[in-house]
Amino acid sequence: MIPGALGLLVCAALWEAVPRLGLVSSAYLPPFTTTLDALGGELTDPAFWSALGDTLTGWALGLALATAGGVLAGLVIATVPYLRELTSSTVEFLRPIPSVALIPLAILLFGTELRSVLLLVVYAAFWQVLVQVLYGVQDVDPVAEDTARAFGLGPWARIRHVVWPTALPYVMTGVRLAAAVALILAVTVELVIGAPGLGHRINVAQTSQAVPDMYALILVAGCLGVLINTGARLVERRALSWHRSVRTEAPA
Amino acid sequence: MLEVKGLRKVYEGSGRRVEALRDLTFRLDAGELVCVVGPSGCGKTTLLKCVAGLLAPTEGSVTLDGVPVTGPRPGLAVVFQEYGRSLFPWMRVTENVELPLRQRKMPRDARRARVSEALDAVGLGDVGRAYPWELSGGMQQRVAIARALAYEPDVLLMDEPFAAVDAQTRADLEDLVRGLWRRRGMTVLFVTHDIDEAVYLGERVLVLSPSPTVVREEVVVELPAERDQLTTRADVRFTGLRSRVLGLIRDGGGAADQVSKAGRSGSGSDS
Ligand SMILES: Nc1ncnc2c1ncn2[C@@H]1O[C@H](COP(=O)(O)OP(=O)(O)O)[C@@H](O)[C@H]1O
Ligand SMILES: [Mg+2]
């Protein structure tokens with residue numbers, strides 16, 4: 001923690017020093033303190049908060065839809081025989097398509113509305129969840145499965161009591177990755193197509209020469225990413241206390 | 001009453017073909033404790049899975065009380081060899097034992113009573129709140145036994161349940177199983193690769209041949225019902241039976257006289 005904080009401090013000092021020493025023009029890189037001033041200005045501007053709200057709405061809604069869809073599709077694909085083979089080539093084809101390549105499609109369909117953001121966020125985040133769920137379901141222990149069957153658990157009860165708990169650590173990983181990707185996509189789409197949000201505000205700041213504000217907003221986006229990742233890890237750790245312990249304590 | 005007739009099981013898949021069981025025929029009367037002994041890889045687990053309805057036989061049939069077994073059934077419980085993987089690590093001990101009862105829609109209070117009774121019976125009355133992975137191997141296997149007991153089966157199948165616990169724990173668990181069997185009066189099919197264990201526990205011992213697997217012989221264990229780790233094992237009848245079974249496994253029935261010094265160590269130790 002201390003070395004981490006030290007690293008940040010060094011970065012801030014460098015950021016301050018480089019424009020002050022004239023190594024880079026402060027028109028392109030305003031000093032750190034100037035950026036902080038701009039950040040203070042942003043924080044008192046209601047328009048900033050509404051932009052932040054828009055971005056978070058797109059992110060959360062998109063992530064929720066992608067998670068629900070990914071988990072559902074994953075469980076169905078993995079538990080219905082032959083569906084996995086049937087879908088694997090499709091998955092392998094669709095998954096590598098960079099979501100930003102779908103931006104024109106989104107504009108065509110929804111213009112600059114929230115739905116454009118959602119389309120791309122969901123598309124990008126969905127695969128992260130789906131792939132992890134598929135791995136997770138594959139990880140079900142045949143002995144656990146046999147045990148459940150021997151003791152009279154039907155298909156539905158086995159999904160609930162065996163498959164789901166086994167897959168949960170993978171699902172958590174998938175959601176954490178999806179959360180990061182979803183934020184990237186939300187900001188990107190706002191930036192590129194001008195849907196309301198932080199990305200759009202960054203773009204406006206840039207075109208109107210408000211360079212310190214632009215950096216302040218980038219800083220906010222970065223902090224958001226860090227917060228989301230930390231939060232996701234926290235939830236993961238709480239939900240999977242048994243899992244971690246299994247890994248760290250039980251002898252092989 | 002459990003009846004196995006002409007049971008054959010061939011695993012087929014990815015070009016490989018394994019005949020795990022060639023031709024097994026035997027029967028267990030209700031309330032009997034019968035041990036199945038055979039070398040590792042001879043198909044003991046396969047046999048249990050077929051009896052449990054987890055695996056469809058290639059040929060032959062399994063009938064329980066006159067009804068053909070086509071899938072898992074309520075009156076039958078299994079204790080698996082891999083107890084660590086058979087207990088769910090995401091559930092506490094009580095939840096593990098309780099799950100099959102919940103599945104049967106048994107009322108909550110009855111369930112709770114049954115669970116604590118079963119845990120008491122295996123001497124684990126005070127670890128209900130623990131997770132399985134917090135317990136030793138022997139304790140985990142007790143939990144698995146408690147889960148089977150709470151299920152109140154007519155038929156209990158046990159697959160080398162003590163292969164991976166230390167000698168002292170193993171002796172305790174053997175006495176536990178025999179004690180529970182005598183009190184509860186269920187039918188028990190106990191699979192092991194350990195000849196001593198088979199003779200010590202069983203009323204009869206079914207000796208399986210190495211692959212291609214058939215029932216080589218059924219040995220009736222003429223020992224008193226009251227068994228004791230020290231005196232029973234020192235009994236000449238016990239050592240005689242043990243030699244006979246070992247001889248059957250080794251030479252297919254001949255030369256049973258050269259095996260007198262073979263004991264647990266001679267019965268194979270892999271699982
Ligand atoms: N699912 C399976 N697929 C293919 N072969 C199997 C499978 N399970 C067991 N076998 C094979 O069947 C034989 C008997 O296995 P098993 O019943 O586990 O023996 P045991 O329990 O006596 O050690 C072994 O040769 C094993 O490799
Ligand atoms: Mg086995």
Side-chain angles (χ1 to χ4, degrees), chain A residues 71 75 78-79 81-82 84-85 88 132-133 135-175 235-252, chain B residues 45-46 48-55 69 71-93 95-106 130-137 140 143-144 147-153 155-159 164:
Chain A
V71 166
L75 286 180
T79 48
Y82 309 119
R84 197 188 170 91
E85 284 125 89
S88 70
Q132 292 295 326
V133 174
Y135 277 129
V137 174
Q138 253 191 340
D139 201 34
V140 168
D141 192 319
V143 177
E145 178 79 12
D146 273 347
T147 304
R149 283 205 318 134
F151 281 102
L153 273 70
W156 178 241
R158 290 205 298 278
I159 288 184
R160 180 164 160 222
H161 295 294
V162 182
V163 176
W164 177 247
T166 304
L168 193 59
Y170 294 85
V171 174
M172 290 286 183
T173 306
V175 172
V235 171
E236 209 173 333
R237 202 165 311 161
R238 297 213 142 201
L240 301 179
S241 54
W242 62 266
H243 187 257
R244 260 163 215 286
S245 318
V246 172
R247 281 191 166 165
T248 52
E249 276 173 32
Chain B
T45 300
T46 305
L48 274 204
K49 283 189 183 169
C50 289
V51 172
L54 294 170
L55 208 58
V69 172
R73 39 188 305 177
L76 188 145
V78 187
V79 174
F80 288 90
Q81 180 174 3
E82 304 93 342
Y83 48 83
R85 291 162 58 195
S86 174
L87 297 171
F88 302 143
W90 45 86
M91 289 180 181
R92 294 176 194 279
V93 165
E95 294 167 316
N96 265 288
V97 177
E98 199 179 1
L99 180 63
L101 307 179
R102 255 168 78 191
Q103 213 47 43
R104 276 190 188 169
K105 310 257 186 295
M106 183 188 266
Y131 284 98
W133 38 267
E134 294 174 320
L135 308 177
S136 70
Q140 289 180 27
V143 174
R147 177 172 60 189
L149 284 180
Y151 201 59
E152 295 204 337
V155 180
L156 175 61
L157 307 179
M158 303 184 93
D159 188 5

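Every chain is numbered from 1 and lettered A, B, ... according to where its sequence line falls, protein lines coming before strand lines.
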Given side chains that start at C-beta, do those of A:D141 and B:E82 come closer than 4.5 Å, heavy atoms only?
-> no
Validation row: B:L99, A:L153 side chains within 4.5 angstrom (heavy atoms) | yes
Let me know if B:Q103 has heavy atoms under 4.5 Å from chain A in its side chain, its backbone, both or neither.
-> side chain
Turns out that what part of B:R104 lies under 4.5 Å from chain A's heavy atoms comes down to neither
Audit row: B:T45, B:D159, side chain to side chain donor-acceptor pair (under 3.5 Å) steps and yes/no | CA-CA 6 Å; B:T45 300; B:D159 188 5; 2.8 Å; yes
Heavy-atom pair of closest approach, residues B:P74 and B:Y151 | O-CE2, 3.1 Å
For B:L76, is it the side chain, the backbone, both, or neither that has a heavy atom closer than 4.5 Å to a heavy atom of chain A?
-> backbone
